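To find a chain, count down the sequence lines: A is the first, B the second, and so on, and within it residues start at 1. Source: prediction; values computed, not measured. The basis for the numbers below is simple: all heavy atoms, side chains too, and nothing from hydrogens, waters or symmetry mates.
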Number of protein chains: 2
Amino acid sequence: MHETFAALADPQRFRIVELLRSGPRPVNDIGERLRLQQPQVSKHLRVLKEAGLVDVQPRAQQRLYALRAQPLRELHEWLERYHQLWDARFEAMDELLEELQQEEKPHGRSKK
Amino acid sequence: MHETFAALADPQRFRIVELLRSGPRPVNDIGERLRLQQPQVSKHLRVLKEAGLVDVQPRAQQRLYALRAQPLRELHEWLERYHQLWDARFEAMDELLEELQQEEKPHGRSKK
DNA sequence: TCGGTATATTCCCGTCAAGGAATATATGGC
DNA sequence: GCCATATATTCCTTGACGGGAATATACCGA
């Protein structure tokens, strides 16, 4: 998951992912549309591939890069676990906080 | 959004976010639970805060850090736009690819 | 106001990633 | 097999980032 986040954290790679949402594309096509130099595109695609975000498929001498659904699905599942926060009144948790402060233990064992 | 991804890309910060899912916590509490040194925790929390992922609330001399829902919501909305990929048969797009190859134009104007 | 606790900031260092330029590899057509 | 196209890799430099140690700041209680 860290790899997924790291891959998407770069602006250029994010743009590539966004572009690939419309379907698989060869490297040069990506470079032209996003105004990126070919080596950089290849390098970014490599990172995306290692993160499992894209898949390659040879087509003559070009390589078609396509988005893979799985990492996005995993990301979605991870987010689902936070869904409770979206409507939950977070303020209510502040009370609960009091307790946490209590069990706040100093690193040592006994309080001197 | 890049900031959100960048913030979550770091393993330690990811752990902090995961921990905060259970509710707001003071800095030291985070450090103890995750076995991180206090300065590092503060630094990571700074990044998380600048990314809008957490919120601070002073409580005596400690600071309670809490998750903010908005960035996660935005992340969710962004993911929704990719939902089509999750059930769509991607192979079908390969045909569509043929077309893309056609309109593949060389950088120059006329082919020599 | 003073001491102590909780947190933030700074400095230093090693690592890593990104961009640019140049070069290498692969594939298809002839 | 040779050339051209499409893509990948390497080298280099630079800037950002994370960890550790030390220090600074904020806030509380007496």
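Between B:Asn28 and C:dT5 there is no side-chain N or O to OP1 or OP2 distance below 4.0 Å. Taking side-chain N and O atoms only, A:Arg46 has a distance below 4.0 Å to OP1 or OP2 of D:dT9. Phosphate proximity of D:dA8 to A:Tyr65: present, with a side-chain N or O under 4.0 Å from OP1 or OP2.
Of the residues in residues 5-18 of chain A, none has a non-hydrogen atom less than 4.0 angstrom from any atom of DNA chain D.
Rounded to the nearest 0.5 Å, atoms CD1 (B:Ile16) and CG (B:Leu67) are 10.5 Å apart.
The two residues A:Leu53 and A:Ala7 make their nearest non-hydrogen contact at CD1-CB, 3.7 Å. For the pair A:Val27 and A:Val41, the tightest heavy-atom approach, listed with the atom from each and the gap, is CG1-CG1, 3.7 Å. Closest approach of B:Phe5 to A:Leu75, counting heavy atoms only: CE2-CD2, 4.4 Å. The shortest heavy-atom contact between B:Thr4 and B:Pro71 is OG1-CB, 4.2 Å.
Cation-pi geometry between A:Arg25 and A:Tyr65 is not satisfied (NZ or CZ under 6.0 Å from the ring centre, within 45° of the ring normal).
Counting only distance, with no hydrogens or angles, the side chain of B:Arg63 and the backbone of B:Pro58 share no donor-acceptor pair below 3.5 Å. A distance-only check finds no donor-acceptor pair linking the side chain of B:Arg33 to the backbone of B:Asn28 [under 3.5 Å]. Listed for the A:Arg15 side chain is a donor-acceptor partner under 3.5 Å among the backbone atoms of A:Leu34.
As a whole-Å value, the separation of A:Leu48 CG from C:dA18 C1' is 14 Å. To the nearest angstrom, P of D:dT7 lies 8 Å from CG of A:Leu64. For the pair B:Glu50 CD and C:dT9 C1', the interatomic distance rounds to 13 Å; values are reported in whole Å. Rounded to whole Å, the distance from CD on B:Glu32 to C1' on C:dT7 is 13 Å. The nearest whole Å value for the distance from the CD atom in B:Glu3 to the C1' atom in D:dA16 is 14 Å.
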What protein N or O atoms touch nucleotides 20-23 of chain C N or O atoms at under 3.5 angstrom, if any, and at what distances?
| from | atom 1 | to | atom 2 | distance (Å) |
| --- | --- | --- | --- | --- |
| C:dG20 | N7 | A:Gln40 | NE2 | 2.9 |
| C:dG20 | O6 | A:Lys43 | NZ | 2.7 |

Identify the pairs formed between an N or O of the protein and an N or O of nucleotides 28-30 of chain D at a distance under 3.5 Å, and give each distance.
none

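Proximity note for A:His44 (side chain, C-beta onward) versus C:dG19, D:dA8, D:dA6: the nearest is C:dG19. When the nucleotides D:dT9, D:dT7, C:dT9 are ranked by their closest atom to the side chain of A:Arg63, D:dT7 comes out on top.
Each end of the helix from C:dT1-D:dA30 to C:dC30-D:dG1 gets its own rotation axis from five pairs of C1' atoms, and the angle between them is 30° to the nearest 10 degrees.
Looking at residues two or more places apart in sequence or on another chain, you find a salt bridge (charged side-chain N to carboxylate O under 4.0 Å, His left out) between A:Arg46 and A:Glu50.
Residue pairs meeting the salt bridge (charged side-chain N to carboxylate O under 4.0 Å, His left out) criterion with at least one member in residues 1-14 of chain B, sequence neighbours excluded, do not occur.
There is no path of hydrophobic side-chain contacts, each under 4.5 Å, that joins A:Val54 to A:Val47.
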